[in-house]
Amino acid sequence: MKVLIMSDSHGLTQEISMITDRHKHEVAAMIHCGDSELERKNPLMEDFLAVRGNCDYDATYPNDLVENIAGKRFFLTHGHLYNIKMTLMNLAYKSEETGADIICFGHSHAAGSEMLDCKLFINPGSIRQPRGRKEKTYVILTIGANQLEINYYDLEGKIVEELGNSYQIE
């Protein structure tokens, strides 16, 4: 089962539409980790599980979401309320409270993933203003029986090889 994860699109519409059209038939869920800067009622956002970022002014977005997808418990947040630019510790504590297996967040615009204490932390980067690399990125997470596979894609739909990871799970 696959899940699309993006963040920090900061007002982009054509790019969200292109990515959604490219992957909507292969994924079970689509996640936006905030700073879309689009209203929740915007048709582009209707298929997304989405949270509110520090640049989102539509208060109908929740700050956090907990969702069960493909047998995994996801915790979704933007990250600004957890000081993620300094540490993942606050987010790790919150993931313990929520019982999350997979934590998706944005805010820093820095693409990366990390397994900490059997919990997978994913930042899909930014499709508008990436930091730390030139590619504007989003993620397709594949959830297998014993494995989580993360592929980062650029806007053209090409895999960014050096960012991908695969983690064995129980």
Side-chain angles (χ1 to χ4, degrees), residues 1-38 42-45 47-56 61 65 69-70 72 74-88 91-92 95 101-116 119-144 147-169:
M1 183 134 339
K2 295 182 179 197
V3 178
L4 183 148
I5 308 163
M6 74 169 66
S7 189
D8 296 284
S9 49
H10 290 284
L12 296 179
T13 55
Q14 181 179 346
E15 292 82 349
I16 291 175
S17 179
M18 179 179 64
I19 292 166
T20 301
D21 289 346
R22 181 183 298 142
H23 296 287
K24 69 182 171 188
H25 299 295
E26 69 180 275
V27 299
M30 296 190 298
I31 294 169
H32 197 295
C33 296
D35 278 358
S36 69
E37 295 187 40
L38 301 176
N42 186 306
L44 288 173
M45 298 304 291
D47 293 327
F48 280 89
L49 297 168
V51 293
R52 186 176 185 186
N54 59 301
C55 294
D56 289 317
Y61 286 109
L65 270 176
I69 304 168
K72 299 293 177 197
F74 281 72
F75 177 71
L76 316 176
T77 192
H78 185 58
H80 64 296
L81 300 175
Y82 297 93
N83 199 26
I84 63 94
K85 288 184 180 179
M86 298 298 289
T87 179
L88 291 182
L91 204 50
S95 72
D101 304 301
I102 300 170
I103 300 88
C104 301
F105 65 99
H107 188 53
S108 69
H109 296 215
S113 65
E114 186 172 355
M115 186 71 85
L116 296 171
K119 296 177 182 305
L120 179 59
F121 291 77
I122 301 172
N123 186 328
S126 172
I127 64 169
R128 179 158 199 152
Q129 301 163 314
R131 293 193 183 121
R133 55 186 319 107
K134 63 181 178 6
E135 298 94 351
K136 299 172 179 182
T137 58
Y138 63 95
V139 163
I140 299 288
L141 169 66
T142 304
I143 301 169
Q147 185 171 329
L148 298 172
E149 183 179 333
I150 303 162
N151 283 303
Y152 284 80
Y153 289 81
D154 66 16
L155 283 181
E156 288 71 45
K158 295 191 302 195
I159 292 177
V160 181
E161 296 286 343
E162 63 271 16
L163 284 175
N165 273 311
S166 183
Y167 299 99
Q168 292 301 118
I169 56 173

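This is a predicted model, so every value here is computed, not measured.
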State whether Glu156 and Lys158 are salt-bridged, where the test is any N-O pair (Lys NZ or Arg NE/NH1/NH2 against Asp/Glu carboxylate O) under 4.0 Å.
-> no
Considering only NZ, NE, NH1 and NH2 on the basic side and carboxylate oxygens on the acidic side, decide whether Glu15 and Lys136 come within less than 4.0 Å.
-> no
Within this structure, what is the [atom1]-[atom2] distance for the pair [X] and [Y], rounded to the nearest 0.5 Å?
X: Tyr167; Y: Leu120; atom1: OH; atom2: CG; value: 6.0 Å
X: Ile122; Y: Ile103; atom1: CD1; atom2: CD1; value: 8.5 Å
X: His32; Y: Leu44; atom1: NE2; atom2: CG; value: 10.0 Å
X: His80; Y: His107; atom1: NE2; atom2: NE2; value: 7.0 Å
X: Cys55; Y: Asp8; atom1: SG; atom2: CG; value: 8.0 Å
X: Asn151; Y: Ile159; atom1: CG; atom2: CD1; value: 4.0 Å

Could you walk me through whether Asp101 and Leu148 pass the side-chain contact (heavy atoms from CB on, under 4.5 Å) test, one step at a time?
-> CA-CA 11 Å; Asp101 304 301; Leu148 298 172; over 6 Å; no
Start with the C-alpha distance between Asp47 and Thr20, add both sets of side-chain angles, then the distance that settles side-chain hydrogen bond (donor to acceptor under 3.5 Å, both in side chains), and finish with yes or no.
-> CA-CA 9 Å; Asp47 293 327; Thr20 301; over 6 Å; no
Donor-acceptor contact present, side-chain [X] to main-chain [Y], <3.5 Å:
X: His109; Y: Gln129; answer: yes
X: Arg22; Y: Leu155; answer: yes
X: Ser166; Y: Glu149; answer: no
X: Asp56; Y: Ser36; answer: yes
X: Arg128; Y: Gly11; answer: no

Looking only at non-hydrogen atoms, find the nearest pair between [X] and [Y] and report the distance.
X: Ile143; Y: Ala70; result: CD1-CB, 3.9 Å
X: Asn123; Y: Ala110; result: CG-O, 3.1 Å
X: Ala111; Y: Leu163; result: CB-CD1, 3.9 Å
X: Tyr152; Y: Ser113; result: OH-N, 3.6 Å
X: Gly106; Y: Ile84; result: O-CD1, 3.3 Å

Is the shortest side-chain heavy-atom distance between [X] and [Y] below 4.5 Å?
X: Met6; Y: Phe48; value: yes
X: Leu49; Y: Ile69; value: yes
X: Ile169; Y: Lys72; value: yes
X: His78; Y: Arg52; value: no
X: Ile19; Y: Met30; value: no
X: Leu4; Y: Ile140; value: yes
X: Phe74; Y: Leu141; value: yes
X: Asp35; Y: Asn54; value: yes

What do the steps show when you test Phe75 against Lys119 for side-chain contact (heavy atoms from CB on, under 4.5 Å), and what is the final call?
-> CA-CA 11 Å; Phe75 177 71; Lys119 296 177 182 305; over 6 Å; no
How are the rings of His23 and Tyr138 set to each other: parallel, tilted or perpendicular (split at 30° and 60°)?
-> perpendicular
Among Cys33, Ser7, Cys104, which residue meets the side chain to side chain contact (heavy atoms under 4.5 Å, CB included) test with Leu76?
-> Cys104
For Gln14, does the CD atom sit with more than 12 other heavy atoms under 6.0 Å from it, leaving out its own atoms?
-> no
When you look at CE of Met1, are more than 12 heavy atoms from neighbouring residues, nucleotides or ligands closer to it than 6.0 Å?
-> no
Given side-chain contact (heavy atoms from CB on, under 4.5 Å), test Leu88 with Glu114 step by step and report yes or no.
-> CA-CA 10 Å; Leu88 291 182; Glu114 186 172 355; 4.1 Å; yes
Run the numbers on Phe105 and Leu81 for side-chain contact (heavy atoms from CB on, under 4.5 Å), then give the verdict.
-> CA-CA 11 Å; Phe105 65 99; Leu81 300 175; over 6 Å; no
